[in-house]
Amino acid sequence: MSQKKKIAILGSTGSIGKQTLEVVEAYPDQFEISVLTANNNADLLIDQALKFKPNAVVITNEQHYKRVSEILWAEGIKTFCGEKALEEVVEMQELDLVLTALVGFSGLKPTVRAINAGKTIALANKETLVVAGEIITKMARQKGVHIYPVDSEHSAIFQCITGEFHNPIEKIYLTASGGPFRGKKREDLSQITKAQALKHPNWEMGAKITVDSATLMNKGLEVIEAKWLFGLKREQIDVIVHPQSIIHSLVQFKDGSMKAQMGLPDMKLPIQYAMTYPDRLTTDYKRFDFMNYPSLTFEKPDLDTFRNLQLAYDAMDQGGNLPCILNAANEISVEAFLQDKIGFLQIAEINEKVMGLVQKEASVSLESLVATDLEARQKARELI
Ligand code: NDP
Ligand code: MG
């Protein structure tokens with residue numbers, strides 16, 4: 001019997017999805033691909049499927065189904081389309097691990113289905129926890145399902161608390177690179193172009209998260225993600241700007257001792273740790289050299305200029321459906337910025353306005369969150 005881990009990658013054509021496939025390719029005796037999914041990038045999905053021979057693929061955008069299915073069914077690869085198929089495919093019996101690398105709210109339903117089916121989750125899609133952290137973590141506890149973080153900061157925290165099961169976390173520090181506009185003030189940011197925002201100093205990622213990093217929304221989403229992953233209160237989560245992106249985050253314990261996880265920025269490390277925990281793989285990735293980094297520096301985040309981080313703290317404090325409202329507004333405002341319909345500063349302005357416009361609900365369900373998400377998107381579109 002094969003001991004290989006059978007993996008589904010939701011969003012295999014994205015930045016995290018492609019890097020996950022690099023890991024799988026490098027360790028053919030450890031992993032096997034069972035499922036790949038894409039939204040629009042049919043060509044890449046076809047190439048990936050021909051190479052990794054999954055049991056099934058899903059292309060959510062139905063327009064591409066005919067072409068994808070003609071090629072892949074001929075190779076014996078089951079091919080499906082649409083959102084429902086994406087939700088169903090994670091229940092496939094053979095799966096050991098579902099790596100969620102979809103972007104935005106679209107990750108929520110498939111993740112819920114995978115947890116319900118008892119599948120271990122490697123979670124990159126942070127928006128799922130931002131929107132429905134309470135529901136997801138409760139469901140995972142009830143089902144005895146592990147959620148391993150892929151996000152580098154959360155992987156760092158997870159690595160720091162490994163072996164510390166009985167020692168409560170006093171506080172965590174999530175590190176932030178500060179993005180391409182660190183040190184700038186509001187007046188410097190009014191004319192920012194898409195091209196400038198898409199140039200991240202340390203990481204190469206999908207467009208949405210790259211803009212989120214430039215506005216610090218990404219760090220705000222990560223604060224909420226950390227709350228749910230590690231069961232923390234607001235006062236236990238701090239953000240510190242660390243432009244070199246070498247320390248990926250830190251944990252402070254009750255005796256005041258701190259643990260940090262460090263390394264060169266490379267998403268393959270947290271991806272593969274989530275796939276192999278508690279083991280580590282031997283790699284030949286470039287090693288850190290202290291002489292290349294004679295100083296590691298730290299700053300306070302500027303919450304006035306990068307208002308999105310403050311909005312995320314506010315949403316987390318109020319809870320209920322407010323994080324869902326903020327997330328939906330942000331998906332729409334970032335999309336509009338990427339289409340040159342609004343300026344950089346308007347992203348946070350629209351997010352804040354939408355937070356005030358949508359009906360607040362203190363307690364939420366999956367159904368109510370779907371309705372909140374739709375309403376907030378609608379309000380954001382009206383403002384654009
Ligand atoms: P990308 O935009 O590069 O990839 C997104 C993937 O999801 C693609 O495969 C895309 O398909 C698919 N997709 C997009 N929208 C939908 C939809 N509505 N329905 C179904 N599939 C969809 O994103 P990233 O890889 O950068 O990010 C993925 C997640 O991981 C995000 O939540 C992000 O915050 C998180 N993350 C990313 C990091 C990174 O380094 N990139 C670091 C830490 C976290 P297609 O391309 O075929 O259209
Ligand atoms: Mg991160």
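Computed from heavy atoms alone, side chains included, the values below leave out hydrogens, waters and symmetry copies. Atoms within a ligand are numbered from 1 in the order they appear, just like the ligands themselves.
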task = Report yes if some N/O of N40 lies less than 3.5 Å from some N/O of ligand 1; otherwise report no.
result = yes
remark   = Only residue of V24, L281, V150 satisfying side-chain contact (heavy atoms from CB on, under 4.5 Å) with M275 is V24
key: E331/K208 ion pair, N-O < 4.0 Å   = no
ask   = Of the backbone atoms (N, CA, C, O) and the side-chain heavy atoms from C-beta on, which set of E127 has a member under 4.0 Å from an atom of ligand 1: side chain, backbone, both, or neither?
value = side chain
query = According to the interplanar angle, ranging from 0 to 90°, do the rings of W73 and F80 count as parallel (below 30°), tilted (30 to 60°) or perpendicular (above 60°)?
reply = perpendicular
query = Does any N or O atom in G206 lie less than 3.5 angstrom from one in ligand 1, N or O only?
reply = yes
remark   = Closest non-hydrogen atoms of S249 and C160, given as atom of the first, atom of the second and distance, are O-SG, 4.4 Å
ask   = Which is it for N41 and ligand 1 at heavy atoms under 4.0 Å: side chain, backbone, both or neither?
value = both
query = What do you reckon, does A38 have a nitrogen or oxygen under 3.5 Å from a nitrogen or oxygen of ligand 1?
reply = no
ask   = Among the N, O or S atoms that E222 has, which is closest to the Mg ion (ligand 2)?
value = OE2
request  = Could you find the nearest protein heavy atom to atom 36 (N) of ligand 1 and give me its residue, atom name and distance?
outcome  = I209 CD1, 3.6 Å
query = Can we say D302 and K184 salt-bridge, meaning some charged N sits less than 4.0 Å from an Asp/Glu carboxylate O?
reply = no
ask   = Any idea which atoms of ligand 1 are less than 4.0 Å away from a heavy-atom of A124?
value = 30 (O), 32 (O), 35 (C), 36 (N), 44 (C)
